[in-house]
2 protein chains.
Amino acid sequence: MASPASTDASTSSRDKILDTAEPLFARSGFAGVGLREVAEQVGMGKSSLFHHFPSKVQLYVAVLERVFHEFDQRLELRASQDEGPLAQLHGWATVVVGMLAEHPNWAALLLRSLFEGDVIGREDQARIDVIFSRIVARISSALQAGIASNEIRPVSIPHTIQTMVGMTVFHFASGDMGDDLLGEPIYSQPQLQARLSHLHDYIDHALATRPLDSPT
Amino acid sequence: MASPASTDASTSSRDKILDTAEPLFARSGFAGVGLREVAEQVGMGKSSLFHHFPSKVQLYVAVLERVFHEFDQRLELRASQDEGPLAQLHGWATVVVGMLAEHPNWAALLLRSLFEGDVIGREDQARIDVIFSRIVARISSALQAGIASNEIRPVSIPHTIQTMVGMTVFHFASGDMGDDLLGEPIYSQPQLQARLSHLHDYIDHALATRPLDSPT
DNA sequence: GTCTATACACCGATAGAC
DNA sequence: GTCTATCGGTGTATAGAC
């Protein structure tokens with residue numbers, strides 16, 4: 001659905017390269033992937049890659065930007081229904097889990113891009129940062145609104161965002177370690193549902209002010 | 001305290017190499033570090049490294065094992081005071097934040113080792129997994145005991161552990177992204193304290209059954 | 001737009017002198 | 001235990017034919 005070419009099955013070489021490189025970068029990181037491996041899997045010569053991307057770094061950047069872009073779009077789409085802050089957070093949690101489930105490479109890719117600093121040039125990093133900031137700002141607004149209206153406890157907004165990013169991105173990037181811990185694959189249907197429930201539970205119990213606590 | 005030389009300032013070559021390699025692997029990952037760079041910073045020739053470690057992989061493993069080992073030890077030490085499950089979790093949170101603050105490379109190193117699967121051989125990975133399992137088992141026991149005694153809500157234990165690992169390891173590995181989000185360095189004193197408070201808050205509000213709920 | 005051929009630096013690892 | 005020299009291989013990237 002949705003991704004590369006609009007109406008037919010044909011995919012541009014550029015997209016094919018991106019699709020091929022994405023899981024490789026996700027698994028092995030920027031330094032861990034050789035262009036030979038990418039070219040081989042795409043089915044073309046190494047040199048041909050340079051016709052579509054000026055350098056390995058730019059290929060990596062293109063992969064990242066595509067992911068951040070759609071991530072941002074899907075969150076924005078869900079934000080357009082305007083609901084209360086808690087419902088908004090619940091909705092986003094559902095969207096994020098859905099997206100990461102649909103694209104099992106993305107969590108690792110996002111995780112890398114968030115904590116591996118240097119690999120990308122300043123300008124490219126800045127463009128990605130803009131998108132990321134937009135995502136953060138949205139969550140931040142929801143939290144702020146919720147705190148103002150006393151639906152959400154007065155938690156630290158940045159620390160809560162860090163926690164929520166960790167609860168989603170880190171969890172779905174945790175690979176074998178996560179599988180072992182859960183005793184079942186992270187991306188199995190029951191565990192996807194379990195993670196979503198866990199997120200909803202977090203929102204309701206760690207963030208929401210309990211009815212019992214609210215002032216008379 | 002165990003590690004390299006006990007009473008004097010001299011450090012074995014082996015330890016010096018480990019100390020040098022640790023931040024490099026933390027920042028750039030296994031594939032992103034060249035032995036030339038390591039050797040240069042240690043102040044010896046590339047080849048000399050092979051006198052102390054049979055291969056690059058084994059050097060990496062040695063770095064990881066050292067970290068996991070001390071991590072495990074410090075948690076065990078703190079476990080020896082026997083307290084209630086909630087107090088135990090609070091204590092561990094304090095210990096973990098303290099350790100990660102003391103060793104700013106560790107979070108990134110641990111994060112990589114948790115989600116980058118392939119780089120290490122089976123046997124070495126198995127040895128690390130044993131240590132990690134011990135850590136997980138301890139937390140798991142505390143949660144289980146707390147749930148049994150009704151001090152802790154009946155949360156999913158594996159998912160809660162994933163969340164807590166993310167709240168610590170991911171947070172302290174988040175580098176520039178985390179700094180930007182907090183508006184202040186993650187490892188600054190106020191933000192260290194803030195993260196610890198956030199963790200305590202999580203334990204008290206997301207995990208603990210509220211006093212109001214507990215049976216007489 | 002893809003290919004072959006090639007440039008040049010660096011990689012991890014080994015051999016052997018000191 | 002550290003060094004120099006060197007091995008074979010791979011890395012990104014370029015040149016130029018088709």
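By convention in this document, chain letters (A, B, ...) are assigned in the order of the sequence lines, proteins followed by strands, and residues within each chain are numbered from 1.
Put simply, CD on B:Glu40 is 16 Å from C1' on D:dT2, counting in whole angstrom units. At whole-Å resolution of the value, CZ in B:Arg36 and P in D:dC3 are 15 Å apart. Separating the CZ atom of B:Arg14 from the C1' atom of D:dG1 is a distance of 15 Å, rounded to the nearest angstrom. For the pair B:Met44 CE and D:dT4 P, the computed distance is 12 Å after rounding to whole Å. Taking atom CD on B:Gln58 and atom C1' on C:dA13, their separation rounds to 14 Å, with Å as the unit. The distance between atom NZ of B:Lys46 and atom C1' of D:dC3, rounded to the nearest whole Å, is 13 Å. Taking atom CG of B:Leu35 as the reference point, atom P of C:dC11 lies 8 Å away to the nearest angstrom. Rounded to a whole Å, the CZ atom of B:Phe25 is 8 Å from the P atom of C:dG12.
Here B:Asp19 pairs with B:Arg66 in a salt bridge; the nearest charged N to carboxylate O distance falls below 4.0 Å. Classification of B:Arg27 and B:Glu22 as a salt-bridged pair fails, no side-chain N sitting under 4.0 Å from a carboxylate O.
Nearest nucleotide to the side chain of A:Ser48, out of D:dC3, C:dA13, C:dT2: C:dT2.
Among the heavy atoms of the strands lying under 4.0 Å from B:Val33 are primed sugar atoms or P, OP1, OP2 only; no base atom is included. At a threshold of 4.0 angstrom between heavy atoms, the contacts of A:Val42 with the nucleic acid are absent.
Side chain of A:Arg112 to main chain of A:Ala26: a donor-acceptor pair is present (N/O by atom type, distance under 3.5 Å, no hydrogens or angles).
The phosphate of C:dT2 (OP1 or OP2) has no side-chain N or O of A:His51 nearer than 4.0 angstrom. Between B:His52 and D:dT2 there is a side-chain N or O to OP1 or OP2 distance below 4.0 Å.
Looking at heavy atoms from C-beta onward, B:Leu18 lies in side-chain contact with B:Leu59 at the 4.5 angstrom threshold.
The base of D:dT14 sits within donor-acceptor range of the side chain of A:Ser47, with an N or O pair under 3.5 Å.
Under the 30°/60° scheme for interplanar angles, the aromatic rings of A:Phe30 and A:Phe25 are found to lie parallel.
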